[in-house]
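To start, I am sharing the structure in question, which I have written as structure tokens.
Atom set for the values below is all heavy atoms of this structure, side chains included, hydrogens, waters and symmetry mates excluded. Along the sequence shown, residues carry numbers from 1.
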Amino acid sequence: MPECLLLRNCLPYDAGGKSAPIDLLLENGRIAKMGPRLSVPRGANILEAEGRVVAPGFIDVHIQGAGGADVLDGTKDALRTIARTLPQFGTTSFLATTAFHFDKANHHLEVAANLAGKDLGGANLLGIHLEGPFINPDKRGGMSPTCIGPPSSRTLADILQLTGDALKMMTIAPELDGAIPLVDELLAKGVVPAFGHSAATYEQAAMGFGAGIRHVTHLFNAMAPFHHREPGPLPAIAETGGVTVQLIADGVHVHPAAVRLAWRLFGPRGIVCITDGIQALGLPEGRYVYNGREYEARDGIARYLDGTLIGTAMGLNSLVRRLQVFTCCSLAQAIDTVSANPARLLGLAGKGELAVGADADLVLLEEGLAVWATIVGGKIRHRRD
């Protein structure tokens, strides 16, 4: 008998509030049926949504840790903790985002690669997003200098040997000598090359996008700002067709006015909201240690004690809500930035959509995008009492 879960009386996120409640029948990890008043198969479990909004599960392509754990911990327990923390914020899939070390072993990459696609009891670990090592030291932000090195095919080969098919994205600075040929290598391996941590001029950025880069790591952060005589990378990003950009829409990493500008430039299909979350995500406010340095998490924002921003401790649902408030976009448009858009970016068939045959990765939402329940592969992974 197939494993069944019937969600009753849900409001589709993309109906604009004009739809009558529907039911969703989930069988063997997929959406088997959708419609009003579905019959209950024998043996099915029932979850009464009571008119709550149902949406595709959220996909975070840039998150380093949660629940007190970090990808850099390099253990199955750490990745399990991250995976089991994220559903309370509506996240059903994520890329383990981390760095490559030149001064020590990179066991954490092997662990993450081996666990990609495995059931960790929470959100799906889709693979790895590597920030660097081919980034500009002048734009390293909170990255350790020992995680930065010159572009090298040999180093890339070492990374691919460690990560294999689990490497899904790599942030790279195209202005560095030898970076452009590596863009070709990444594309040939099916890895998304992402512009970021870069001091590129307009011309250097345009070369990178001309070479095939079509994604940007945390737009505005760790890159040269716009100036009318030295325009930097922003116009090159905006002029290139088909580009998607990561956005930390918290109002701190990116001012609300800049969030609105990004929305105007790249539109509802071009924005991919991310947390850039670190271990404090899901923990009480306070001081913690990241990369051997103490930092403070306060109001969902994480900073080293010298004030350097290093990420957020804010759930993806809260960031999506802020995007909606800052831009006045629709609920469906806001949710697509963490569902349909990242699924399209990563080529994830069956994810990021609310449709028969799609993966049963779903989130049930209340007022203000508060998460009531999260379902991963047809199984309830979080439910608020």
(request) Verify, without hydrogens or angle tests, whether Thr91 (side chain) and Pro87 (backbone) share a donor-acceptor contact under 3.5 angstrom. (result)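 Not a single qualifying donor-acceptor pair exists.
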(message) Please determine whether a side-chain nitrogen of the Lys or Arg among Glu48 and Arg8 lies less than 4.0 Å from a carboxylate oxygen of the Asp or Glu.
(response)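 A salt bridge is absent here (no side-chain N lies under 4.0 Å from a carboxylate O).
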(request) Please name the pair of heavy atoms, one in Leu95 and one in Ile128, separated by the smallest distance, quoted to 0.1 Å. (result)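 So the minimum-distance heavy-atom pair works out to CD2-N, 4.2 Å.
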(request) Please report the shortest heavy-atom distance between Val371 and Thr374, naming the atom on each side. (result)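 For Val371 versus Thr374, the nearest heavy atoms are CG1-OG1, 3.4 Å.
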(message) Quick check against the 3.5 Å criterion: does Asp359 have a side-chain atom that pairs as donor or acceptor with the backbone of Asp361?
(response)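 Answer holds: no.
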(message) If you compare all heavy atoms of Gln333 against all heavy atoms of Cys329, which two are closest, and at what distance to 0.1 Å?
(response)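 Minimum heavy-atom separation between Gln333 and Cys329: OE1-CB, 3.3 Å.
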(request) Establish, from distance only, whether the side-chain atoms of Asp306 and Thr308 form a donor-acceptor pair under 3.5 Å. (result)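 Indeed, the side chains of Asp306 and Thr308 share at least one donor-acceptor pair under 3.5 Å.
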(request) Quick one: do Phe100 and Phe102 satisfy ring pair (Phe, Tyr, Trp, His ring centres under 6.0 Å)? Show the steps, please. (result) CA-CA 7 Å; Phe100 175 83; Phe102 284 96; 5.2 Å; yes
(request) Mind jotting down which residue pairs meet the ring pair (Phe, Tyr, Trp, His ring centres under 6.0 Å) criterion with at least one end in residues 155-208? Sequence neighbours excluded, please. (result)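 Of all non-adjacent pairs touching residues 155-208, those that pass ring pair (Phe, Tyr, Trp, His ring centres under 6.0 Å) are Phe195-Phe209, His197-His218.
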(request) Compare every heavy atom of Ala224 with every heavy atom of Pro233, then report the nearest pair and how far apart it is. (result)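 Taking Pro233 first and Ala224 second, the nearest heavy atoms are CD-O, 3.4 Å.
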(request) Kindly state each residue pair satisfying ring pair (Phe, Tyr, Trp, His ring centres under 6.0 Å) with at least one member in residues 351-376, sequence neighbours excluded. (result)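 Those involving residues 351-376 do not exist here.
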Please report, to 0.1 Å, the donor-acceptor pairs under 3.5 Å made by any side chain of residues 265-285, with sequence neighbours excluded.
residue, atom, partner, partner atom, Å
Thr275, OG1, Asp60, OD2, 2.6
Thr275, OG1, Gly277, N, 2.9
Asp276, OD1, His62, NE2, 3.0
Asp276, OD1, Gln64, NE2, 2.5
Gln279, OE1, Tyr295, OH, 3.1
Glu285, OE1, Arg298, NH1, 3.3
Glu285, OE2, Asp299, N, 2.7

(request) Compare every heavy atom of Ser330 with every heavy atom of Gln324, then report the nearest pair and how far apart it is. (result)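 Closest approach of Gln324 to Ser330, heavy atoms only: NE2-C, 3.9 Å.
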Atom pairs and distances, side-chain donor-acceptor, residues 132-139, under 3.5 Å, sequence neighbours left out:
residue, atom, partner, partner atom, Å
Asn136, OD1, Asp138, N, 2.9
Asn136, ND2, Glu175, OE2, 2.8

Check: residues 255-263 side-chain donor-acceptor pairs under 3.5 Å, at least two apart:
residue, atom, partner, partner atom, Å
His255, ND1, Ala257, N, 2.9
Arg260, NH1, Phe326, O, 3.3

(request) Would you mind checking if Arg381 and Asp119 are paired as a salt bridge, meaning a charged N to carboxylate O distance below 4.0 Å? (result)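 Salt bridge between Asp119 and Arg381, a charged N being under 4.0 Å from a carboxylate O: yes.
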(message) With a 3.5 Å distance limit and no angle check, can you tell me whether Ser339 reaches the backbone of Thr337 through a side-chain donor-acceptor pair?
(response)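 Flag not set: sc Ser339 to bb Thr337 has no pair under 3.5 Å.
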(message) Any side-chain to backbone donor/acceptor pair from Thr240 onto Val243? Under 3.5 Å, distance only.
(response)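 Answer holds: no.
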(message) Restricting to side chain to side chain donor-acceptor pair (under 3.5 Å), what partner residues turn up for Arg383, sequence neighbours left out?
(response)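 Side chain to side chain donor-acceptor pair (under 3.5 Å) list for Arg383, sorted by chain: empty.
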(message) Under the ring pair (Phe, Tyr, Trp, His ring centres under 6.0 Å) definition, can you give me all pairs with a residue in residues 149-171, not counting sequence neighbours?
(response)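 The answer is none; no pair qualifies.
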(message) If you define the side chain from C-beta out and look only at heavy atoms, does anything of Leu364 sit under 4.5 Å from Leu47?
(response)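 Yes - at least one pair of side-chain heavy atoms lies under 4.5 Å apart.
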(request) Return yes when atom CE of Met34 has more than 12 non-hydrogen atoms of other residues, nucleotides or ligands closer than 6.0 Å, and no otherwise. (result)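 Enclosed.
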(request) Would you please name every residue forming a salt bridge (Lys or Arg N to Asp or Glu O under 4.0 Å) with Asp336, sequence neighbours left out? (result)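 Checked Asp336 against salt bridge (Lys or Arg N to Asp or Glu O under 4.0 Å); zero matches.
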(message) Looking at every non-hydrogen atom in both residues, tell me the closest pair between Leu125 and Ala112 and how far apart they are.
(response)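 Reported closest heavy-atom pair: CD2-O, 3.8 Å.
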(message) Quick test of your reading of the model: are Arg322 and Asp250 salt-bridged, counting only N-O distances below 4.0 Å?
(response)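 Looking at Asp250 together with Arg322, the answer is no, because their closest N to O distance does not fall below 4.0 Å.
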(request) Verify, without hydrogens or angle tests, whether Asp73 (side chain) and Ala69 (backbone) share a donor-acceptor contact under 3.5 angstrom. (result)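 The answer is no, because no donor-acceptor pair under 3.5 Å joins these two groups.
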(message) Between Thr81 (side chain only) and Asp77 (backbone N and O only), is there a donor and an acceptor less than 3.5 Å apart?
(response)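 Between the backbone of Asp77 and the side chain of Thr81 there is a qualifying donor-acceptor contact (under 3.5 Å).
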(message) Going by salt bridge (Lys or Arg N to Asp or Glu O under 4.0 Å), name the residues that satisfy it together with Arg303, two or more places apart in sequence or in a different chain.
(response)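 Salt bridge (Lys or Arg N to Asp or Glu O under 4.0 Å) check on Arg303 returns nothing, list empty.
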What pairs of donor and acceptor atoms, side-chain ones from residues 156-167 against any protein atom, are under 3.5 angstrom apart with sequence neighbours left out?
residue, atom, partner, partner atom, Å
Thr163, OG1, Ile159, O, 2.9

(request) Kindly determine whether Thr171 and His129 satisfy side chain to side chain donor-acceptor pair (under 3.5 Å), including the steps that lead there. (result) CA-CA 8 Å; Thr171 297; His129 170 194; 2.8 Å; yes
(request) Scan residues 83-107 for pairs that pass salt bridge (charged side-chain N to carboxylate O under 4.0 Å, His left out), counting only residues two or more places apart or in two chains. (result)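 Found none.
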(message) If we ignore hydrogens and angles and just use 3.5 Å, is the side chain of Thr97 paired with the main-chain N or O of Ile63 as donor and acceptor?
(response)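 Flag set: sc Thr97 to bb Ile63 pair under 3.5 Å.
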(message) Using a 3.5 Å distance criterion without hydrogens, assess whether the side chain of His108 forms a donor-acceptor pair with backbone atoms of Ala99.
(response)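 Answer holds: yes.
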(message) For a 4.5 angstrom cut-off between non-hydrogen side-chain atoms, does Leu345 reach His215?
(response)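 They are in side-chain contact.
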(request) Output all residues satisfying side chain to side chain contact (heavy atoms under 4.5 Å, CB included) with Ala355, sequence neighbours left out; order by chain, then residue number. (result)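 Ala355: side chain to side chain contact (heavy atoms under 4.5 Å, CB included) contacts with Glu353.
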(message) Check this for me: Glu230, atom CD, are more than 12 non-hydrogen atoms of other residues, nucleotides or ligands nearer than 6.0 Å?
(response)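 Counting other residues, nucleotides and ligands, CD of Glu230 stays at 12 neighbours or fewer.
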